Amino acid sequence: MSNKRWTLTFLFLIILFLYVFIQFIWTSKQMEETVEALDKRVSLHEEPPHFILIAQEFDNPYWRKVEKGAQDAAKKFQVEVEYVAPLRTSIEEQIKLLEKAIASKVDGIIVQSLDEEAFTPIINKAISKNIPIITIDTDAKASRRLSYIGTDNFAAGQLLGKTVVDMTTGQQKIGVIIGSESSDNQQERLDGFLSVIKQHPRLEVVEVQASNISRIQASIQADIMLRKYPDISVMVGTSALDATGMTVAVKNLQRSDIQIFGFDDVEETLLAIKKGEITATIIQKPYEMGFIAVQLMSKHLQGQPIPNVYFTSCKKVDASNVQMEVTP
Ligand code: BGC
């Protein structure tokens, strides 16, 4: 081949190469722009995942802490949390809210399961419809819920029992007020409490009544109990507002000799410990329960594994450490 033909072929190849190269760059750029535009469209239209948190009672200070934790986690993990609850505690109302949440096809439900028998079939129905459910505060162990976040209620009851053993001396008659006869968490706490008290013959539980998680009811029940058994010297409450309710009855009856033990760290309880009106309380972690429940539900939606049970901690607070308790 002559030199001229070589040069022409070489030039032709160079031009061909440049053409293919420019085409390649242009197509890649076009593709990049298309993907970017699609991404923008998706992020403009895609709603964040929507979770429903079903509490026991709407304005209860304990549940407001759970809600705060859940809303803080919602901000952090870019999801939406809708807080719903009956105005006054009611299993039927809670079940209606759960049914409604399932029907509205939310992305996840976080629910307190007050009564395992009643809640299990509904929780299982949601799971079979691919709506994930996490139980909070009170578990439904037999159901197909993904996870339980909350206190180990039997152990918390035992801690309450040990606290009464450690902070009392001599023969004592005890009156107990639980949040509700039909709530599993209250029954578990009572069982844990009694399992410890039974080992100490100097301590005797003379009566157990329920407050329906109402401060006023706790006060009324305490009043009736103290009139019926004037030799009661220790009163114990197992839900958030029971102990402060008892302080009202004790004051009305001018019984300054009674030691009161309660549950949770609502502000009034901590204040009453500072004033010496309540001897001690077992505090749970409601804020953490709400936060972790939302965090784990978000993880689950991203396809990550989550634990079957996540126990939040409990501890005893009395006059010696009440100053350190700052609760969100
Ligand atoms: C319990 C909750 C209950 C609340 C009522 C807490 O101790 O864990 O189940 O709803 O008390 O005040």
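For clarity, every value in this text was computed on a predicted model and none was experimentally measured. Start at 1 and go down the list; that is how both ligands and their atoms are numbered.
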Side-chain donor-acceptor contacts of residues 76-84 below 3.5 Å, not counting sequence neighbours, with atom names and distances?
| unit_1 | atom_1 | unit_2 | atom_2 | d |
| --- | --- | --- | --- | --- |
| Glu82 | OE1 | His50 | NE2 | 2.8 |
| Tyr83 | OH | Phe58 | O | 2.8 |

Within the 4.0 Å heavy-atom sphere of ligand 1, strictly under, residues: Gln56, Asn60, Tyr62, Trp63, Gln112, Asp137, Asn185, Arg189, Ile213, Ser239, Ala240, Asp264, Gln284

Test item: Asp72 side-chain N/O and Gly69 main-chain N/O as donor-acceptor pair under 3.5 Å: no

Cation-aromatic face contact Arg189/Phe263, 6.0 Å, 45 degrees: yes

Heavy-atom donor-acceptor pair, Asp318 side chain to Ser320 backbone, under 3.5 Å: yes

Distance-only side-chain donor-acceptor flag, Gln217 / Asn212, under 3.5 Å: no

Side-chain heavy atoms of Met297 within contact of Ile110, under 4.5 Å: yes

